[in-house]
Amino acid sequence: MNELLWFLLVGLIAGWLAGVLMGGGGFGLVGDLLVGVLGAVLGGHLFGSAIIGVHGLLGSILVATLGAVILLVCLRVVRRLT
């Protein structure tokens, strides 16, 4: 249960940071959480494949934020194509 709360907190922070970095501000509590959690999963897969060890809370936030930024870039590209 404790790990789930940390995962959600990291996702929320990462989603908010990704929104700020992409120039749109935050997406609201639910939007930030969704983008951050999906970004954490994406970042975990990308960095896990690259065999880059990430440790600690700051490392988790960094990986989740990078994954969320990649997710937002992909969503923007798809939106422009439609």
Side-chain angles (χ1 to χ4, degrees):
M1 180 68 174
N2 197 18
E3 291 85 16
L4 177 63
L5 292 176
W6 279 111
F7 184 73
L8 293 176
L9 179 64
V10 167
L12 184 62
I13 293 168
W16 176 78
L17 281 172
V20 170
L21 291 172
M22 294 299 292
F27 301 105
L29 182 67
V30 175
D32 285 345
L33 184 61
L34 185 62
V35 167
V37 166
L38 291 173
V41 171
L42 178 64
H45 283 293
L46 292 174
F47 283 97
S49 298
I51 311 173
I52 297 173
V54 177
H55 303 285
L57 182 61
L58 289 178
S60 297
I61 291 172
L62 176 66
V63 168
T65 301
L66 290 174
V69 167
I70 292 168
L71 175 67
L72 291 176
V73 167
C74 291
L75 289 174
R76 286 184 180 182
V77 168
V78 168
R79 188 175 358 163
R80 287 185 184 169
L81 294 176
T82 58

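We're numbering straight along the sequence, starting at 1. On a predicted model such as this, the values are computed, not experimentally measured, just so you know.
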Point to revise | Closest heavy-atom pair and its distance - A68, A14 | key: CB-O, 4.2 Å
**Study point:** Closest approach of G36 to A64 (non-hydrogen atoms, all atoms of both residues)
**Key:** O-CB, 4.3 Å
Just distance, no hydrogens or angles: give the donor-acceptor pairs under 3.5 Å from side chains in residues 75-82, sequence neighbours left out.
{"unit_1": "R76", "atom_1": "NH1", "unit_2": "M22", "atom_2": "O", "d": "3.3"}
{"unit_1": "R76", "atom_1": "NH2", "unit_2": "M22", "atom_2": "O", "d": "3.1"}
{"unit_1": "T82", "atom_1": "OG1", "unit_2": "R79", "atom_2": "O", "d": "3.0"}

Review point. In Å, rounded to the nearest 0.5 Å, how long is the span from CG of L62 to CD1 of I13?
Key: 12.5 Å
Review point. Are side-chain heavy atoms of I61 and L57 found at a separation under 4.5 Å?
Key: yes
Practice item. Report the hydrophobic cluster partners of V37, with the cluster defined as I, L, V, M, F, W, Y residues connected by side-chain heavy atoms closer than 4.5 angstrom, directly or transitively. Key: L4, F7, L8, L12, L29, L33, V41
Review point. Listed by chain and number, what are the side-chain contact (heavy atoms from CB on, under 4.5 Å) partners of L42, not counting sequence neighbours?
Key: L46, I70, L71
Practice item. Check V35, L21, T65, D32 against W16 for a side-chain contact (heavy atoms from CB on, under 4.5 Å) and give me the one that passes. Key: D32
